[in-house]
Amino acid sequence: MSNQDSLREVADGRAFDLGTAVDAAALRDDVSYRDTVRTEFNALTPENALKMGPLRPSLNTYDFTDADALVNFARANDMTVRGHTLVWHNQTPEWFQPWDYTDDQLRRFLREHVQTVVGRYRRSVGTWDVVNEAVADDGTMRETVWYDAMGEQYLDRAFEWANEVNPDADLYYNDYGADAVNEKSDAVYDLVERLLDRGVPLDGVGLQLHALGEWPDPDSVAENVRRFQALGLDVQVTEMDVAFPAGEEPDDALERQAEFYGDVLDACLDTGVDTLVTWGVDDARSWIRSFRDFSERYTGDPLLFDERNRPKPAYRAVREALST
Ligand code: GLA
């Protein structure tokens, strides 16, 4: 590796997918953002554009403008795309009021949604987060609109519907707080085991890895990855960012953050995880700065590039880990 090599070149060199969550408006409006995305990453997750809310202006219509722009950008720059996400309880359309519909109408609506979106990107999106965050923090099944209408079977059906339309795609279950071995990941483990027992076409588990305040132990992350792999599943790190509790960051915050990024990358490489996605490109646009009260709870500089788009120590740690 030469010092001039970008992250992407180093990742390409070892067939690792290093991705980032991309914002459609920033990609359109900001040349330097666009350049960073295509120079430094070889994989892309639409940050919002493929979620149900942004995609569905009304019951019977779709707006694929932003999603198409991101997918086309990825194709033009030879980047892979993680489709995120088909079934989730958050970021549903504003007009969507579940009580307006019967259970059967909700089921048909979801089926049509999954099949339309997966079908449109059959040739360009090879990996999907089919279901996001179905497990609640206490390990029970989360009581979402989909769960209320269909019970746990909503997962089975969603994976089957996606698989019908694109049998070649890798279909993932994705969640937060399940990164290391803990109660939540035990519950996710039990859930995916049940899905597999029922013959559901599930290929992998996405560990979001939002390290906010409490960071998971990288050894425990590796152990967790291995137990999912032992079920025959692939594992990816899908939404990584690293923050301290607000007001409690140490003097060497950036170095500690860098070290943690490097340790997680090492855990990935040790276990054969071939994809890690950071949830955003530069600190200025991190979701933590604008989401609910998160900006008061956590430091707002969780990513590999700083506010002025300059590489941080974390950038160098990731490059170092990928080059050894
Ligand atoms: C979850 C979702 C992401 C994103 C992040 C941050 O992890 O899966 O799509 O919304 O929260 O907000």
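Each ligand, and each atom within it, is numbered from 1 in the order the structure gives. Since we're looking at a predicted model, the values are computed, not measured.
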Novice: Among side-chain atoms of D104 and T102, is any donor-acceptor pair under 3.5 angstrom?
Specialist: no

Novice: In the protein, which heavy atom is nearest to atom 10 (O) of ligand 1, and how far is it?
Specialist: K51 NZ, 3.1 Å

Novice: List ligand 1 atoms under 4.0 Å from W88, heavy atoms only on the residue side.
Specialist: 2 (C), 10 (O)

Novice: Could you list which atoms of ligand 1 come closer than 4.0 Å to a heavy atom of N132?
Specialist: 2 (C), 8 (O)

Novice: Using a 4.0 Å cutoff against the non-hydrogen atoms of E133, which atoms of ligand 1 qualify?
Specialist: 1 (C), 2 (C), 7 (O), 8 (O)

Novice: Check whether the side chains of W128 and N166 place a donor and an acceptor atom closer than 3.5 Å, and report yes or no.
Specialist: no

Novice: Any atoms of ligand 1 less than 4.0 Å from a non-hydrogen atom of H84? List them with their elements.
Specialist: 2 (C), 3 (C), 8 (O), 9 (O)

Novice: Go through it in stages, so that I can follow the logic: the residues are D156 and R198, the test is salt bridge (Lys or Arg N to Asp or Glu O under 4.0 Å), and I'd like the CA-CA distance, side-chain angles, deciding distance and then a yes or no.
Specialist: CA-CA 8 Å; D156 304 40; R198 297 200 290 265; 2.6 Å; yes

Novice: I'd like to know whether ligand 1 has W287 as a neighbour, heavy-atom separation below 4.0 Å.
Specialist: yes

Novice: Students should be able to answer this: which protein heavy-atom is nearest to atom 11 (O) of ligand 1, and at what distance?
Specialist: E239 OE1, 4.0 Å

Novice: Side chains of N132 and Q208: any donor to acceptor distance under 3.5 Å?
Specialist: yes

Novice: Consider only side-chain N and O atoms of D148 and Y154, and report whether a donor and an acceptor are under 3.5 Å apart.
Specialist: no

Novice: Where on W279 is there a heavy atom closer than 4.0 Å to ligand 1, on the side chain, on the backbone, on both, or on neither?
Specialist: side chain

Novice: With no hydrogens and no angle check, just 3.5 Å: does a side-chain donor-acceptor pair link S185 and R227?
Specialist: yes

Novice: Determine whether the side chain, the backbone, both or neither of T85 has a heavy atom under 4.0 Å from any heavy atom of ligand 1.
Specialist: neither

Novice: What atoms in ligand 1 come closer than 4.0 Å to a heavy atom of Q91?
Specialist: 10 (O)

Novice: If you measure from the Lys or Arg side-chain nitrogens to the Asp or Glu carboxylate oxygens, is any gap between R285 and E47 under 4.0 Å?
Specialist: no

Novice: Report yes if H210 has an N/O atom closer than 3.5 Å to an N/O atom of ligand 1; otherwise report no.
Specialist: yes

Novice: Compile the donor-acceptor pairs under 3.5 Å between side chains in residues 260-273 and protein atoms, sequence neighbours left out, one pair per line.
Specialist:
residue: Y261; atom: OH; partner: P302; partner atom: O; Å: 2.6
residue: T271; atom: OG1; partner: A267; partner atom: O; Å: 2.7
residue: T271; atom: OG1; partner: C268; partner atom: O; Å: 3.1

